[in-house]
Structures are given as C-alpha cells and as structure tokens.
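Numbers for residues simply follow the sequence, beginning at 1. Small disclaimer: the values here were computed from a predicted structure and weren't measured.
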Amino acid sequence: MTDTSTGMSALPASDQPRGAPVLEARGLTKNFRVRSQPARGRGRLRAVVHAVEDVDLTLRAGRVTAVVGESGSGKTTVARMLAQLIKPTRGTILLDGKPVSGRRLHQYRHQVQIVFQDPFASLNPIHSVRYHLSRPLRIHHRARGRPRVNAAIDALLARVKLDPPGQFADKLPHELSGGQRQRVAIARALAAGPTVLLADEPVSMLDVSIRLGVLNLLGELRDIEGLAILYVTHDIASARYFADTMTVMYAGRVVESGPSLEVTDNPKHPYTQLLLDAAPDPERPGPQAIQARGSAPSLITLPSGCRFHPRCPHAMPICSEQQPPDISVGEGHVAACWLRHADYNDATDNPSPAGNVPA
C-alpha cells in the first residue's frame with residue numbers, strides 16, 4: 001500500500017494491538033574484553049568488563065519503557081544490543097516473538113531504529129538533511145523516484161514539527177540548532193518505517209528549554225502511531241513524566257522495575273531511592289532520605305552478592321554473600337533486594353546500619 005501524496009509505502013507503525021510485546025530481551029548479557037595483563041607464572045590474563053548481566057526487558061506497542069541509571073550502569077549497552085550494533089555475549093532477542101537471525105537482519109533494521117544521544121555526532125556534517133532522510137527511504141524501499149522521495153522527506157520533516165519543510169531540507173547539520181538536529185535524527189529513524197524506536201538519552205545534549213518539546217514529540221509517536229519506545233536516561237524525573245514503565249539498572253543489573261508512577265512514588269530498592277533523592281525537588285524538606293557511601297564499583301572486579309551493598313545504608317550480611325532474587329512488591333512491580341524478602345521483613349522496618357558491612 002502506498003501513500004499517493006508522498007509515494008511513501010504506507011506501512012502501519014505497528015500491526016500489534018496496543019500493549020502487545022513487540023521487542024523482547026531475555027537474559028541479555030554483554031562482557032567486553034580489555035587489554036591483556038601480565039600474571040606471574042601464568043602468561044597473560046585478559047580482564048573482562050561485565051557491562052550487562054542477565055537483563056530481561058519487554059517493549060510493548062504504544063508504550064514507553066524507560067531504562068534509568070547512572071553512567072556505567074549498562075543502559076546504553078542494552079540499547080545498542082537491541083539495535084544490533086553490538087552482539088550480546090549471551091541472551092536472546094525476540095522481535096514479534098521470533099528470535100533474530102542473520103536472514104531477518106534487514107527486516108529487523110527496518111522495524112527497529114535507534115536515535116543517539118548526540119545528534120551532531122550522529123549526522124554526517126558534510127551532507128544535507130535531504131541526504132540523511134533520502135538514504136533510509138531508498139534503502140528500505142519506502143519511496144522511489146526523486147519527486148516521491150522529496151515529497152516523503154517533506155512529510156517526515158512535518159511529522160517531527162520542522163515546518164516549513166523546505167526551510168530545513170537543504171541545510172547542513174551545523175546550520176541547525178541542537179533541538180532541530182535531534183528532530184532530524186528522529187525523522188531519519190522514522191524514514192525506515194519502524195515499529196520500535198530506541199532513544200538513547202535523546203534530550204541530554206539539548207537545552208533544558210527545548211527538552212520537553214522533543215519528549216512530547218516522542219509521546220505523540222507513541223500515542224498516535226503506536227510505536228514501542230525505549231527511553232534511556234539518567235534523569236529519573238523525566239522518566240516518570242514520559243514513560244509508562246521503568247527499569248532501574250545498577251552496575252549492569254536490573255535492581256527494580258514496574259509501572260513508572262509506582263516505582264517513583266513507592267520505590268523499594270535503596271538505589272532507586274537514591275536516584276529520586278538526587279533529582280531536584282523544591283518541595284523536599286531537609287536532607288536526603290538515603291545517604292549512600294562511595295561510588296559505583298568497578299565492572300571488572302565486581303563486589304560479591306548485591307552489587308549495591310558496599311554503598312547501601314541498609315546492607316545486611318547476606319547482601320555481601322548472595323545476589324538477591326527478583327521479589328514481587330506490587331502488581332507488576334519487582335525489586336531485587338534482600339530487604340523485601342519474606343525472611344528479612346523485620347530488616348525492612350529496622351535495617352541494620354551500613355557499618356555492619358565493610359566498605
């Protein structure tokens with residue numbers, strides 16, 4: 001089917017009912033090998049960065065899923081694995097319930113597109129906006145012939161609120177503002193006709209005054225076109241505003257997940273509480289509720305047990321001994337924390353001081 005006004009193939013944004021799983025990750029793990037290090041009597045050892053470990057994630061049609069965490073938590077690595085830019089060490093990625101294979105890779109790239117954090121770096125500085133948008137239209141057979149390609153480009157620019165399109169199509173990236181460049185990057189992703197949009201910190205490089213406009217644009221793509229959107233961010237406040245569900249990551253693992261409002265209004269993991277306390281809130285009286293010590297651990301030499309326990313003010317001896325399981329703490333709300341385990345309910349109300357666990 002073709003849109004006669006633009007000549008662009010009128011493929012639906014998603015043929016899945018709203019809320020149906022579109023892209024799934026099961027047990028997603030990524031380890032990066034670093035340079036060899038000498039070892040006495042044993043030749044050379046190769047250190048491994050445990051960037052992501054055993055992550056499960058589901059992106060649903062017409063929903064935004066936020067992955068939140070500080071720098072180094074593994075959230076961007078997850079997005080790049082889902083975009084097939086890097087290969088997982090272990091785990092399975094399913095598109096429409098089917099594992100991704102080499103034969104289906106072109107179709108996968110048609111359906112799953114990514115928007116990067118820095119639009120100036122992701123756009124070729126020597127090519128015009130028209131060039132950037134025409135390539136995916138041609139590669140994915142969305143429009144043929146110069147008149148129809150140009151009409152499709154105008155439609156894409158209007159779709160991302162760059163009006164009038166003729167004013168932007170022949171400009172180079174450096175002639176646009178940061179917000180305009182990011183809208184061009186979003187239009188380039190939409191040119192392939194995706195059902196899934198991976199947005200890797202899409203507003204962190206933009207002025208505060210224009211971030212809301214870009215988030216609202218992505219929200220329209222979710223609501224009107226039914227796209228499944230992954231929103232990667234370190235800003236838990238914007239995730240609360242924008243996302244339907246939220247996954248919180250720390251040192252490569254998921255520590256809490258659930259509906260966004262439930263996770264932010266009733267956080268069950270100390271790290272989530274720490275992120276919320278770090279978010280600016282003029283109505284919050286007094287000091288932070290959570291006072292964490294130290295910094296994130298090395299991803300090469302990870303702590304035993306819960307990876308957050310060296311910083312956690314409520315850490316118990318078991319936290320340094322065993323990785324906590326995922327524990328249901330509400331409808332669709334899960335936290336990986338021993339404080340929520342049935343055997344440690346008393347500790348939830350009267351947590352032992354962090355001093356009981358060596359830093």
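A salt bridge links Arg130 to Asp170: one of the charged nitrogens lies within less than 4.0 Å of a carboxylate oxygen. One finds no salt bridge joining Arg18 and Glu225 here, because no Lys/Arg side-chain nitrogen approaches an Asp/Glu carboxylate oxygen to under 4.0 Å. Salt-bridge annotation for Lys30 and Glu53: absent, with no side-chain N of the basic residue lying under 4.0 Å from a carboxylate O of the acidic one. With respect to the salt-bridge test (charged N to carboxylate O, under 4.0 angstrom), the residues Asp244 and Arg222 qualify. A salt bridge is defined here as a Lys NZ or Arg NE, NH1 or NH2 lying under 4.0 Å from an Asp or Glu carboxylate O, and Glu262 with Arg240 fails to meet this definition.
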Review point. Going through the distances and angles, do Thr245 and Thr65 end up as a side-chain hydrogen bond (donor to acceptor under 3.5 Å, both in side chains)?
Key: CA-CA 5 Å; Thr245 58; Thr65 299; 3.1 Å; yes
Point to revise | Verdict with reasoning, Thr233 to Glu201, per side-chain hydrogen bond (donor to acceptor under 3.5 Å, both in side chains) | key: CA-CA 5 Å; Thr233 183; Glu201 303 219 37; 4.8 Å; no
Practice item. Please test Asp200 against Thr76 for side-chain hydrogen bond (donor to acceptor under 3.5 Å, both in side chains), starting from the C-alpha separation and ending with a verdict. Key: CA-CA 6 Å; Asp200 182 13; Thr76 292; 3.0 Å; yes
**Study point:** From CA spacing to verdict: side-chain hydrogen bond (donor to acceptor under 3.5 Å, both in side chains), Tyr241, Ser260
**Key:** CA-CA 8 Å; Tyr241 162 79; Ser260 291; over 6 Å; no
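Atom CZ of Arg253 sits about 8.5 Å away from atom OG1 of Thr29, to the nearest 0.5 Å. Going from atom CG of Asp118 over to atom CD of Gln182 covers 8.5 Å, rounded to the nearest 0.5 Å. One distance of note links OG1 of Thr89 with NE2 of His50; it measures 10.0 Å at 0.5 Å rounding. Remark: Asp54 CG to Arg26 CZ distance equals 13.0 Å, nearest 0.5 Å. To the nearest 0.5 Å, the span separating OG on Ser257 from CE on Met249 amounts to 11.5 Å. Interatomic distance, CD1 of Ile114 versus CZ of Arg188, reported as 10.5 Å (0.5 Å rounding).
Contact between Leu123 and Pro173 at its shortest, heavy atoms only, is CB-CG, 4.0 Å. Nearest heavy atom pair, residue Tyr108 against residue Ala83, reads CE2-C, 4.4 Å.
With hydrogens and angles ignored, the 3.5 Å screen pairs a side-chain donor or acceptor of Asp56 with a backbone N or O of Gly27. When atom types are taken as modelled, the side chain of Trp338 and the backbone of Gln322 share a donor-acceptor pair closer than 3.5 angstrom. Asp235 contributes a side-chain N or O that, together with a main-chain N or O of Ala237, makes up a donor-acceptor pair within less than 3.5 Å. Checking side-chain atoms of Glu256 against main-chain N and O of Thr272 turns up no donor-acceptor pair under 3.5 Å. Using a distance-only test at 3.5 Å, with no hydrogens or angles considered, no donor-acceptor pair links the side chain of Arg33 to the main chain of Ala47. In this structure a side-chain-to-backbone donor-acceptor pair under 3.5 Å is missing from Thr301 to Ser298. In this structure, the side chain of Lys75 engages the main chain of Gly69 through a donor-acceptor pair within 3.5 Å. In this structure, the side chain of His132 does not engage the main chain of Ala187 through any donor-acceptor pair within 3.5 Å. A donor-acceptor pair is defined here as one N or O able to donate and one able to accept, closer than 3.5 Å; such a pair exists between the side chain of Gln113 and the backbone of Arg109.
Contact check for Val67 versus Leu57: side-chain heavy atoms found under the 4.5 Å cut-off. Contact check for Arg138 versus Val149: side-chain heavy atoms found under the 4.5 Å cut-off. The shortest side-chain heavy-atom distance between Glu220 and Lys161 falls under the 4.5 Å cut-off.
The number of heavy atoms from other shown groups lying within 6.0 Å of CD (Glu331) does not exceed 12.
Each of Val208, Leu218, Leu212, Leu215 was scored for a side chain to side chain contact (heavy atoms under 4.5 Å, CB included) with Val203, with one residue passing: Leu215.
Note on Val248: it does not cluster hydrophobically with Ile327, by side-chain heavy-atom contacts below 4.5 Å among ILVMFWY residues. Met205 and Leu176 are members of different hydrophobic clusters when ILVMFWY side chains are connected at heavy-atom separations under 4.5 Å. Both Leu162 and Ile210 are members of a single hydrophobic cluster when ILVMFWY side chains are connected at heavy-atom separations under 4.5 Å. Leu94 and Val22 end up in different hydrophobic clusters when Ile, Leu, Val, Met, Phe, Trp and Tyr side chains are linked at under 4.5 Å. Under a hydrophobic-cluster definition in which Ile, Leu, Val, Met, Phe, Trp and Tyr are linked whenever side-chain heavy atoms come within less than 4.5 Å, directly or via other members, Val78 and Val334 are assigned to different clusters.
With sequence neighbours excluded, the residues forming a ring-ring contact (aromatic ring centres under 6.0 Å, His included) with Tyr250 are Tyr271, Phe308, listed by chain and number.
Using cut-offs of 30° and 60° on the angle between ring planes, the pair His110 and His140 is tilted.
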